[in-house]
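So the structure is just underneath, and the comments pick up after that.
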Amino acid sequence: MSNYDVVIKGGSLVVPFFGIQKSDIGIRGEKIAAIDRDIPAANCGTVIDASNRYVFPGAIDSHFHVGIYRPLKDDAQSESTSAASGGVTTILSYFRTGKDYLNKIGPYKEILPELLELSSSSFLTDYGYHIACFTEEHIREVEWLVKEGGVSTLKYYMFYKLLTLAGATPEAQNYLMIDNTVDFSFLYKFMKEVSRVNQLYNQYGNISLSVHCENPEVIRGTQAEVQANPGDVLLKDYSDARPPWQEELAINETAIMAKHTNCPVNLLHLSSRLAVEAGKDVSHRYPDIDFLLEATLHHLGLSNDMDLAQSAKVNPPIRSRQDVDYLWQSVIDGTIKTVASDHACPTSEKKQGDLWTSMPGFGGTSLMFPILISEGYHKRGLPLHRIAEICSANPAIYHNLHPKKGAVMVGSDADFAIVDIDAEKEVTLENLHTAQEFSPELGMKFKGWPECTLLRGKVIFEKGELTGHPGQGEYIKRPVKLHYPEFS
Ligand SMILES: [Zn+2]
C-alpha cells in the first residue's frame, strides 16, 4: 500500500551534492513523501513513467526581469510559461521603482503589496522578488522587507549613479523618478543597513545585496572612443565600449565597500575572465565576506564573434570565445556557483535600431537545461548532479529558498524537471513558448530539453503542452526558514 497522489517511476534521480540514483519518487499533496528504489504503482493517483529519463529538481531561475519591458501581468504569464516549459519551477525576479516596471516611486510598504497583488494571478511557476533601493526611505524599509515582505535579497544598480549626479540631463534624472543621488555614499548607507539586518536574521540565511558591477564613468569614456570609429557596430565593438576591465574595477570597488560594511554581496552576471578573476580575488582577499559569483546562460552560450547584432545586446556585453571558455572552466571548478537567465524581454520595437540605441536584454529562461546539458555535460563533461547544484540547489541555498526548494528530500516541495538528455531540438520561437518575437539562439541546436515539469506535485508542462494555468504559482517568502515554520 503506498497511496501516493503521484509517483514518478523508473527514472534516474539527479541528486545535488551526491550523484545519480535510480529511484522512484512518491508525492503526497505538494511535497515529496518518499524516495525509494521501487515504489509500487498500485493505489496511486497518477503514475509518471520516467524510464530512460533523468529527474532533476526543478530549476530556480534566480535572475529574471518580469515586467521590465511589457505590462507586468502579461509578462509574468507568458514568461513564467516559457520558464516552466524549460523545467524552471521557481523564478526570482528583480524589481525596482521608476520608469518601466510599474512606473512609480514610493515606499515599498505600499508598492510591494501592489506588486504581489498583480503577481498573484499571473505566474505559472512559484516566484519571489529581489528589490532595488533608490531612496533613503527604501533603505529604512530593508528590515520590513525581510521580516514582513519576504524579500531577503536587495539590489544596487551601479550604472544608474551617473543619471543622478550633477550634469545629468533632466530626462535621465526623470528615469528613476528620484531627486537624490545613488552614488557610492548611497551604496555605503545601503550596505550598512543590509549588513545590520543580516546580523539580525542571519540564523535564517544570508540577507544579501546583489550588485550589477559595471563602472559608468569608465564606460562614458570607452564608449565615446568606440563610437568615434566609422562603420557598422558589431557585438565586438559593443564589448569594447564596455570593456571587461571596467567590470574588474567595479567588482573591486564593490568588494572594498562590502568589506568595510560587512555586507554579503551577490556579484551578478560575470561576463569575462577579468570579472571572474576579480570575483575570485576579492573572495580570497576578504574571506569573512560572503560573495556569490553568478553567470548567465547567454554569457556561457554566445560569443561576440557570432553574427548576432542587436538581438544579443545585453549588459554586460557578450564577450570573446576565450572569455566563454574561462566562464565554463569557472562553472566546472565551482568558482561560479549559480547560473541564471537574466530573462528580460524587450518588444521587437524596443530592440530596433543599432547596438547603441536598442534596448539591452533578451529572454532565455527555457534554455536553462538545454544549454547546461549541451554545453556543460555533453561538450565539457560537467556531471549532471553538478548541473542540479548550479541551477537548483545553489540558488536555493544562496537566495534562502532551501530546503523548501532545490532539495531532493522528503518534506521538500515536489518540483521536478524530467529531462531527455539526448533529445536534440533546434531553437524556434515556438519551442521557447515565449512572447518575445526574437531570440539570439534561433536556429541553434541543443540537447537536453525537459519533457515534463512538476510544480508542487502538479504537472504544469508536458511534451510541449501547457497543462497548468497562470495563477498556479505562489509567492515564496524568503528566508523560507523564517517564514515557513516547517523548515525552521
Ligand atoms: Zn538583470
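Order of appearance sets the numbers: ligands from 1, and atoms from 1 within every ligand. As a basis for the values below, the full set of heavy atoms in this structure was taken, side chains included, without hydrogen atoms, waters or symmetry mates.
No donor-acceptor pair closer than 3.5 Å links the side chain of Asn206 to the backbone N or O of Asn202.
The Zn ion (ligand 1) does not have His269 among its coordinating residues (no N/O/S atom, backbone or side chain, under 2.8 Å). Among the backbone and side-chain atoms of His65, an N/O/S atom is found under 2.8 Å from the Zn ion (ligand 1).
Lys404 forms a cation-pi arrangement with Tyr484, by the criterion of a distance under 6.0 Å to the ring centre and an angle within 45° of the ring axis.
Counting non-hydrogen atoms of other residues, nucleotides and ligands closer than 6.0 Å to CD of Glu426 gives a total above 12.
In this structure, CD1 on Ile336 lies 10.0 Å from CD on Gln329, to the nearest 0.5 angstrom.
Within Asp342, the N, O or S atom lying nearest to the Zn ion (ligand 1) carries the name OD1.
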